[in-house]
Amino acid sequence: MGGFGAFVLQALAEHGALDRGLKIRTLVLPDVFQDQDKPELMYAQAGLDAEGIMRGALSALGADNISAAGRRA
Amino acid sequence: VIGDGSMSAGMAYEAMNAATDTTKQLIVILNDNDMSIAPPVGGMSAYLANLVSGGAYRSVRKLGKTVVEKLPTPMREAARKAEEYARGMVTGGTFFEELGFHYVGPIDGHDMDALVSVLKNAREFEDKPVLVHVVTQKGKGYAPAEGADDKLHAVVKFDVVTGQQQKPAAGPPSYTKVFAQELVKQAEHDPKIVAITAAMPSGTGLDLFQKAFPDRTFDVGIAEQHAVTFAAGLAADGMKPFAAIYSTFLQRGYDQVVHDVAIQRLPVRFAMDRAGLVGADGPTHAGTFDVGFMGALPGMVLMAAADELELARMVATAVEIDDRPSAFRYPRGEGLGLEMPGARRSAGDRQGPHRPRRDQRRHRLVRHASGRKPEGRRPAGRARPVGHGLRRPLRQAAGYRPAAAAGPRA
């Protein structure tokens, strides 16, 4: 909350970019204080690694059922 | 329990001020090892050292007498302890007593018998709060820690016998180091650049700056509020202050960032190290919130480095942004190993990618990476051109056609 995604959302809203059903997902740190671990693992838990970003994008596109491994980029 | 390094922060005095009014039964143990994270600084530190050296020793009260009577043999030991107790009963005239505390000390914090007795006595006070001044040595009993003042504060796995910490194989220079080197480079050409740290000269890399410019480096102790307002004052007087403060610790000075820097529109440069998740130090040290709390401020230019080349350019850009506050964030750890340009750019040759744009109306987010760039490292030597704040990406975003209907392309 209140991170970069929020700034982008606000700017998009101000520009009317959300008025016609633009699909957008913000990738964020979770709303808890994560237990400490290696940063890489913590980012992965939060879905902020490549896998998580792709998952987020695919889910926004309604393509949840397509597995990451089975796709060619 | 409070360390002497923490006595440089204002909250300690706020608490003492309130404590004498609100409670008569409180024991404050001042754990004085004459160390902050780095060697301590300032008047309070000198004052405590003076107390320890006996400067405040005045008279002996009877308070400790019963304890002294129980002194063990041999006599020499007893005499030493008697001296310890005598010192423990210093009365009158200390700063803490002026505030309304009983002051007991200084006590040898490694002498368990003495300590227990003194604490039992301190417990008996019912008329005022008590401050027990305990002198300790950092890492006492562990040679590797005793031998290195500023080491083994934050540790990774280490060899217990030698104290050697496991270090990953030497990689590219850290963001911290790149920041410090670039700042030194800039400062060689611009005498107005000064650097401020809050007790973290080594952690922020400013020890390098300090070596090059001892007169232009200020360690204010663990006192981020002062660090920020001090920087504001310097900026108001025409200097170019770089306040190098960990993202998480800048939270301690946020009121000052808002009131004394942003509202005054003073060109303080905030170098926010340890942005994003930091791992070993846990949530207290994670730099999670700076994008939100700095980005919300009118007039603030906020930048986030995705690699060390960008970071170096942001330092150069921040030098040039002289009409408003700016901040740049960068993560803990190593950069990507990009080749750094050797020559400093002249003032007229602003970096294209981060060139400040005067026409943006509120604040800009030049680029964001949530701390370390998680994936997709770019090959060395190639810096990616960066968008000019939000406008262009926005135009692109506005014209973006969701591809949902088409589904993922093969």
List the steps, then state whether side chain to side chain contact (heavy atoms under 4.5 Å, CB included) holds for A:Phe7 with B:Val291.
-> CA-CA 9 Å; A:Phe7 289 103; B:Val291 169; 3.7 Å; yes
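- Only the side chain of B:Phe289 comes within less than 4.5 Å of a heavy atom of chain A; its backbone N, CA, C and O stay farther away.
- Atom CD of A:Gln34 and atom OG1 of B:Thr288 lie 8.5 Å apart (nearest 0.5 Å).
- A:Tyr43 places a side-chain N or O within 3.5 Å of a backbone atom of B:Leu277 that can act as its donor or acceptor partner.
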